[in-house]
Amino acid sequence: MRNKYQHIILLAFAGIALLLSSCSDFDPYPFEYRTEEWAINPGDSTENSVVKQLFYACYIDLPLLHTRFSSSYLDAATDDGVPTQTVAGSSDLNNYRNGLLTPGNIANLDGDAWKRNYRGIRRVNLFLDKLSVFPPSTQVPEARMKQMKSEARLLRAYYYFELMKRWGGVPLVGDAVLNAEDDINIPKSSIQELADYIISEISPDSNNSCYADLHDAQSTASYDPTEIGHVNKGVALALLSRLKLYLASPLYNPDNDADKWEEAASAAKKLIDLGVYDLYQGTQSTMFKLFAMSNDDFPNKEMIMIKQMGSNSAIEVTNSPVGYSYGTGTGTLRNVVSLGRTSPSQNLVDAFLTIDGKSIYKNYNSQEGYDPASGYDEQVPYKDRDPRLARTVFLNGSSWLKQPVETFDGGVNRGAIQGITYTRTGYYLKKFLGNNEFTETYNNYNHHYQIFRYAEILLNYAEAMNESEPGNDTEIIYGLIQLRKRAGINAGADGRYGLPASYSQDLMRRIIRNERRIEMAFEDQRFWDIRRWKICAVGDGDAVMTQPVRGVRIKKQGDGTFTYSYEDVTPSVFEKRMYWYPIPRAELYGNNQLIQNDDWNY
Amino acid sequence: MMIGTTNNLKIRFMKHIVSICILVFLPLYISAQFRVAGVVTDDTGEPLLGATVYETGNTVNGVITGLEGDFVLTVPSASSQITVQYIGYKAITQKVEKNIKIVLQNDEFMLQEVTVLRVGFGSKSRITNAASISQISTDQIRALPSTSIQNSLAGRLPGLFQLQGSGQPGKDAASIFIRGMGTFAEGVDVSPLILIDDVESDLSTLSRLATNDIEEISILKDAGSTSIFGIKGANGVILVTTRRGKIGKPKMTLRTNFGFQQPTYKNEFLNSYESLSLLKELHLNNNNTTALAQERYFSDTALEHYRLRDNPYRYPDVDWYDLLYRRFSTMQQYTADVQGGTEAVKYFVSLSYLDQGGLFKDQPKTEHFNNDYYQKRYNVRANFDISITEDFTVRLNANAILTEINSPVLPAREGSDGIFKRILGAGIAPYHYPAYNPNGSFGGYTGTVINPLAAFTYGGYTREFRNNVNGNITLDYNLRKITQGLKAKGVMALTNTWGFERNMKRTEVLDYYYEPETESYAPVVTNQYILPLLAVSNSGYSPMVQINTRFDVSYNRRFDKHNVSSLVLGNWYSTRTGSGNQRNSVSYSGRVGYDYDYRYILELSAAYNGSDEFSEENRYDLFPSITLGWNLAQEPYFKSIANQLKIETLKLRGSYGFSGSDKISGKGYAYQESYGQVMDYYFGENPTKLDALGLMQYPNPDMRWETDAKADIGIDLRMFKDRLSISVDYFNNKRKDILATRAGIVYYAGFLNVFTNSGGLITILPPSNIGRTENQGWDGEISWRDSFSDKFNYFVRGTFSYAKNKIVYMDEAPSEYKLSMQTGRPIGTIFGYVADGFYNSQEDIDNSPYDGLDRGIAPGDIKYKDISGPNGAPDGIINEYDRVPIGNDLPDFTYGISSGITYGNFDLSVMFQGATGAKVSIESMLRLASGTNSIVGSQGKPMPIHLGRWTYYDADGNYVNNSEQLTAMNKNASYPRLMPGNQGNSAQSTFWLRSANYLRWKNLELGYNLPKNSVKTIGVESIRIYFTSQNLYTWSQLKDYQIDPESSRSGLTTYPQQRVFNMGCQVSF
């Protein structure tokens, strides 16, 4: 039958057409995705090649100083200051002082420290892993590869140190690039194990450490300018110095093993003996360049390790006293408003020396009362003081954006307008800011974060020497003299810049700790120092974190003069468990080998 | 053209009648045989066309009834008998008469046999269906003034939940979920799979379909009906069937709708005096002397002037809503369709045009552009069925939708808030400035929002053009030559969507600040005296092409008492866009059904699916299901009882099986590793940013789809000659493999999310298939229809849907705040504090639990209950431990009640719809004065609700400081003390939660069919005039806050929902 054939033919056509049109295969994968194959493609030959980009990523997780805590500083959680914003949640820092730190909220505090440092470690491990597949090329010759590898290892050691100072012992993952499906139930290593690992990775004295392949410690003469910002031998030594100082400190060294102090002293000495570093020398009006740099201000001989930042005025905006604003546009939103996010404490202000290098307190101890010999007068508090004071905090009457700073009650920078949050202590933080005393607007600066600077090494050395060889005056005051001299303290007839000619080990300990406090204020040091010195909680030394943070009230009198009164701003709470951070709860949930730090199990 | 043919039609019609008369009467006088002339109708009197009438015992001598149910048959003698048969009716045999009227009774069983339910890639008779399917024929809702079909479905289809968030023309389509929420995967589309004529489509296309083009809508809910869709069926399926031509002469239907729209709620705010008095109190509470120093608002003189309204330029009191809103906006809809066909070609062709206006007044302006909201939509459809041979049919569907959506553009002077946030939220207050200055210019004031009248006069528009073209061709081959019941079908469907946006904008408008004392004018924007030109710009949407091909073979045949049905099909689906990922999926599926004597029903179905969202190893899976049914009423031993109880249908059914969901949020291809530029790092003496490369997506090669195990048990009952009909289902769905973030992957593995160098945060860890939920509930419908006489019919119908879900597992890291953990609680749980009145005095604060939230409490603030502490018992401190589940943001019960009566040519129907179980927080829309200059806020403005605040001031405005007096004065307070942005009280708490339960009078339809006889004289088959209305009235607690319960989630920031009154007329030729 004709009809039947017709049917069959039609059906066949339809069927074949349909099947042909629909049997196309899937694309095997999205071609636009850069997979690992691409990331490690050795054929890449551009200057900024893939392997270099993987390498640069190892640096990204270095900590941020200025923006980690709602635009305030970690040291505003110590007796040195308070965050200006008060309401819980508006500043993470309140959690530290009020005892609100918990295993639940720690994961997102302190710049995600736990997650961030482990991310840095994974990035290093990934880079080290991938590096092996790259043959040396003209763009990345073998020497360069070795150097990159060493830098990455040094960075990894630094990330571990960042973890160690927060949590004590943490899991050590070695070279493993951990994957989601791997066995991640890794127990904590002890502090000693961590320290041994760091030392073996970076010390010039250990075999197979990264030290040999690093750049030489920075000396401006022989340095490739594009390599500035890379870690080098000086950084390795500085990290060893800080690590060994920590390991010798009371929190880490409860038995006060004197050998550890000796090791700390020699570690610092090693770096001093390199001879390439020196303190930056500036005048009162140019010292700001240590922190707010323009291209021609840097590198300077003091910097050892920096995290470089772009050029902007963000830090000026977040720190300058509330009440300063300027604008170029029109409309209600035209103003760039200064936020004054950090309020340094009276406690810190009192720690600054007099111009003659004396403490305003007897024996450098605030609990012993004012020392009349210092000439300090509560009602003329800023007269004849250590020039570092005026460089560190905004004092009533100093100049900013061509206007006087008014931190007296009702002044432009304190209380002029109701309903605005002004300083809680009467001070704003000036350190790190560029020179804007006589400008109309904020200038742009590179606010590089000085992770290590030479001043710290001098202080490390003084501290370790005073503990290991009390009485070795020459070596103990070696750094202190340099720092005080650079600060602008009067040398005095004896040329000791106010340092007593004779002293007990204990007094010198107070002097060194005080020097460290004022020289390194708000540089992410004191928060860790008071912990490693173990002087926070009740019964531990001065128990600094159980005493209230103090501030000043300045009243303007009819004749234009000022009177000063002092007040408690906020109480502080410190429990012994708070010497270490709690491990984030989610980490315990995901790793059944992990044990929570003492007293955080709730 | 139409007018021209009316006369011709009329003439032809008359001729037709004449010829029928001749045929009927003439033979009587000529023949000796007996001629029967008659009419066949159903029991309601409707003539039945196409009924078979034959001489009993001699089927060769038969005729088919005509258009009016008429027939003429010649039988051998006057004592002969004739038999009348019609599908769906009981056959009748009776003795002949000269003029006979035969009334056929419905055959319920037969009706069920022929009532077709749409199932996936096919259809099925109702009686042999055992799956859970709800279906409506859209002729019930065709006349409703709703522009998106899905907005008419709520309450009509059991199992369907919907939320209509906005009333904006062109963007008012409701979101839909079937049987509640089954997944908590973040950012995942939970809407059901939508198929239009068996071709995969999407919600946005559905919302733009012309209601007139749709024949039926079905929702498939259980495994028995959804597992054939395999990987895509877990969230339920919506099947839309468009209309097709039927054999007959061309029938043309014209319909016009003209309606008025107005918001369901009128927003009323406080006048200037009341608003400012409250704001003054707020600033006093906050001790904000700067704000209070604004003399033009807060001085006693100013307030007195505001009260007296005696200086409208200096102290205005403007009712902006009156100036801005139309009383009514209009909506017009015109549809025309023609359908008909012959054996060879059947056709349905339609054209629809919709013009929906917006609610803003057209401000007088010199430039003639329209910047009000509106939607214009054109729908064209042509569906053809062409029989090439007896067994070979080609079906063609062509559909084009062109949409134009307009919305106003506001200059960005005060930020990017939309018009509704500015008008209904905080922006424009009655006291800022006069609408017009004395010289006719627009009023304004520095630091406040742009004068909306100026914005609507000068501002431009954004005009979106969205186009959707779709063509399907189906080759349908009946293979009965091979064996009876065997069919093969091939489909190819092509869809293209694209669009673009035309913007007409100006950067600034002109408004002036008028100073009455000096009679001076100053432009609000310094030195802005000249209106900037309108600038045109355009942008396009990425076009999308979708190709769907399918091939299936089916076999359906009844052998005496055994009925078998089967289907196997292959379905290939792929979408491509210009950028972004292309998505491909493949499905091979099939089903086998068997029933014995309509009594025992068994169906097995399965789909073998693959999707390129997943890695090669995880690409395919099988989704089987089993369905069982038992038609108890068909059992011989039950028949007598059934007859006694007047039960026509009693069916028990159940199904169990699996379906999946391949929707994943985010980037897609999560099984692939991806590297990219992470934040750059600076190096060098001249700090230079260098690119850094890092992991952007950590691969999860094991990623799979979600799988839903669905169990369903249902019962269908029809009684009393089909008057009563009940259908109820219980379901229990267990969803596993929900894609959720794993809390168990520790951060020290190094998977912290990264910032890209453009600043975006990228989650590098992909979700894993770890979540599990349980979702169970009931849905069903009950209806009753009856008639008092053949003129007077009525019906009542109710539907309900209840779904309650629970998160069984979500890999949530244990929290110290145990009460705020989500595991074990429903999806969408709201956590917050339990409010316990207000602190009425300082003593009250001192005697209450310590405020560990550091919110700086004072008398007048909300007191929270101390529920728990670290040890699970109240600890005297209010803190995170006291945050508990306090509600859910989705409804768990939704219902609809509809009813109607027909009396002669009149009919009336109403429909009510409601939902319960959801809570909504009203806090953010009631925030006052959180802006920087403290006179406008970013959120809300004073509303009547604020008048009931807790206050320190007695009736005379005196400050009260006495505890007892304060307590007494504020015992009826319904709002905390006024503070900027509800400062101190803004945390989520039961105080701010309101029930979003509602009951809506959703629809009303009142119609009148002109008498057939009279319309025939003008050559028309039927004329229907009707009045329809939508959202007539809403009962809801949220009325006090002037927001619609369905759009309450977005507060006062969206286009209000509309109430519509519509007049329409439908004419058929």
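Per chain, numbering begins at 1; letters A, B, ... match sequence-line order.
Ring geometry, Y56(A) versus F683(B): the interplanar angle falls from 30° to 60°, so the pair is classed tilted.
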Practice item. Go through the steps for Y682(B) and I228(A) under the test side chain to side chain contact (heavy atoms under 4.5 Å, CB included), then give the verdict. Key: CA-CA 9 Å; Y682(B) 288 91; I228(A) 291 168; over 6 Å; no
Review point. Run the side chain to side chain contact (heavy atoms under 4.5 Å, CB included) check on V678(B) and I60(A) step by step: do they pass?
Key: CA-CA 9 Å; V678(B) 291; I60(A) 292 175; 3.6 Å; yes
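A search for ring-ring contact (aromatic ring centres under 6.0 Å, His included) contacts involving Y445(A) returns F288(A), not counting sequence neighbours. With sequence neighbours left out, R97(A) forms a side-chain hydrogen bond (donor to acceptor under 3.5 Å, both in side chains) with S572(A).
A 6.0 Å sphere centred on NZ of K307(A) holds more than 12 heavy atoms belonging to other residues, nucleotides or ligands.
Here the side chain of Q308(A) pairs a donor or acceptor atom with the backbone of G684(B) at under 3.5 angstrom.
Here the closest heavy-atom approach between residue P687(B) and residue N446(A) is recorded as CG-ND2, 4.0 Å. Of all non-hydrogen atoms in Y698(B) and R122(A), the two that sit nearest each other are CE1-NH2, 3.7 Å.
Residue K52(A) holds its NZ atom at 11.5 Å from CG of D691(B), rounded to the nearest 0.5 Å. With rounding to the nearest 0.5 angstrom, the CG atom of L690(B) is 10.5 Å from the CZ atom of F55(A). Atom CD of Q677(B) and atom CD of Q53(A) lie 4.5 Å apart (nearest 0.5 Å). If you take OH on Y681(B) and SG on C58(A), they are separated by 11.5 Å, rounding to the nearest 0.5 Å. In this structure, CD in E685(B) is found 7.5 Å from CG in N295(A), a value given to the nearest 0.5 Å. Taking OG from S311(A) and CG from N686(B), the interatomic distance works out to 10.0 Å, rounded to the nearest 0.5 Å.
Using a 4.5 Å cut-off between heavy atoms, L588(A) does not touch chain B at all. Proximity to chain B (any heavy atom under 4.5 Å) is restricted, for N185(A), to the backbone atoms N, CA, C and O. Heavy atoms of M309(A) lying under 4.5 Å from chain B belong exclusively to its backbone. Within the 4.5 angstrom heavy-atom criterion, no atom of E880(B) approaches chain A.
Side chain to side chain, D811(B) and Y589(A) meet the donor-acceptor criterion of an N or O pair below 3.5 Å.
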